[in-house]
Protein chains: 2
Amino acid sequence: MNIKQAAEMFDLTVDTLRYYERVGVIPPVHRNENGYRDYTTSDLNWIYLVKNLRNAGLSVESLIEFATLAQFRETQNVEEAQKQVLRDQLKELNEKLAEMNRVRDLLVYKIETYDEHIAKFKTGEMNSENVEKLWERKSD
Amino acid sequence: MNIKQAAEMFDLTVDTLRYYERVGVIPPVHRNENGYRDYTTSDLNWIYLVKNLRNAGLSVESLIEFATLAQFRETQNVEEAQKQVLRDQLKELNEKLAEMNRVRDLLVYKIETYDEHIAKFKTGEMNSENVEKLWERKSD
DNA sequence: TCTTTCCTTGGAGTTTACTCCAATGTTTAT
DNA sequence: ATAAACATTGGAGTAAACTCCAAGGAAAGA
């Protein structure tokens, strides 16, 4: 499968796919005689996992760590090392989930109470002067 | 309370606090006779909420939308409009949570099965050539 | 064959969210 | 009174993660 098809498959751009390969988020993809990338099922599986982990908020850097780990550890236990990285990322993810659940509860509380500190804006202390660039509509 | 104390209270820098005010994430803070900011409890409550929502992954842009909404709607129902924005952010948050839960399940599955596409790295297809900048250790 | 559409690379540009700096003024400590 | 430690602003710089571009080669359709 060529790069365009692979990109479409995961709703990524070809640039992103090349970028991921360049920085080491996904392993080097095999090329045909003209140097064109030819994505295998294995490659597509990688991309699928990477896309999911990125969506979940994991950094490109930690995905690179996962992807390159095997090369830089002089260990017999590459598989175990890699599984450990996945476990680390799972732990990260679980922590993020816990934090987000906490914030959701806070938000629910704020909506229910709509308390004084939210009502501050009613006093007109907020104005367009205060807004640097977004919603550029000064005095219309 | 001065800006340094406020920053310390939430483990933010004074620059970040000024930045938030400048772009409209928090309302303008009252100044004393010399133009120094003096944070009220209301301001601190704002900062607390903002910090939490940022931690949960909401963008600065959407926080600005929340903060400035009241000014740009010629509505009597400012409170209702603001509550609606909070509800929208809650919805966003819930969607993110659902997605992250899904990814967590995927990760658990990958760890359990450690399947073929992860094992690809064992073949040595990954090398330092592939790693652009991180872990800069080309043949040491 | 020619035009369109793909592919390659290296490198430059963009966006988001800060983060730092210079120049300058104020408050606090010695 | 003078130094240290605060404060202010406008604007420049930075890191992460793309995103775009130029120059050129390859493949597929009319």
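Protein chains get the first letters and strands the later ones, always in sequence-line order, with residue 1 at the start of each.
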Exercise. Can you sort out the partners of A:Asp105 under side-chain contact (heavy atoms from CB on, under 4.5 Å), two or more places apart, ordered by chain and number?
Key: none
Practice problem: Only counting residues at least two apart or in another chain, list the ones meeting side-chain hydrogen bond (donor to acceptor under 3.5 Å, both in side chains) with A:Arg31. | Solution: none
Quiz item: Considering only heavy atoms, which members of residues 8-16 of chain A lie under 4.0 Å from some atom of DNA chain D?
Solution: A:Asp15, A:Thr16
Quiz item: Could you run down nucleotides 25-30 of chain C 5' to 3' and tag each one B, S or - for protein heavy-atom contact under 4.0 Å?
Solution: BSS---
Quiz item: If you look at every strand shown and take non-hydrogen atoms under 4.0 Å, does B:Arg31 touch a base, only sugar-phosphate, or nothing?
Solution: sugar-phosphate
Exercise. Identify, with sequence neighbours excluded, every residue that meets side-chain contact (heavy atoms from CB on, under 4.5 Å) alongside B:Lys96.
Key: A:Met100, B:Leu58
Exercise. Applying side-chain contact (heavy atoms from CB on, under 4.5 Å), name anything that partners A:Asn55, two or more places apart in sequence or on another chain.
Key: A:Lys51, B:Glu99
Quiz item: So what does A:Arg37 touch, heavy atoms closer than 4.0 Å: a base, only the sugar-phosphate, or nothing?
Solution: sugar-phosphate
Exercise. Tell me, please, which residues at least two apart from B:Asn94 pass side-chain hydrogen bond (donor to acceptor under 3.5 Å, both in side chains).
Key: A:Arg104
Quiz prompt | Within residues 51-59 of chain B: residues closer than 4.0 Å to DNA chain C (heavy atoms) | solution = B:Arg54, B:Ser59
Quiz item: What residues, two or more places apart in sequence or in another chain, satisfy salt bridge (Lys or Arg N to Asp or Glu O under 4.0 Å) together with B:Arg37?
Solution: B:Glu21
Exercise. Sort and list the pairs that fulfil salt bridge (charged side-chain N to carboxylate O under 4.0 Å, His left out) and have at least one residue in residues 3-14 of chain A, not counting sequence neighbours.
Key: A:Lys4-A:Glu8
Exercise. Can you pull out how bent the helix from C:dT1-D:dA30 to C:dT30-D:dA1 is, comparing the axes over its first five and last five pairs, to 10°?
Key: 0°
Quiz item: Within the structure, does a side-chain N or O atom of B:Tyr20 lie under 4.0 Å from either OP1 or OP2 of C:dC18?
Solution: yes
Self-check item: side-chain contact (heavy atoms from CB on, under 4.5 Å) against B:Met9, all qualifying residues, sequence neighbours excluded
Solution: B:Met1, B:Leu44
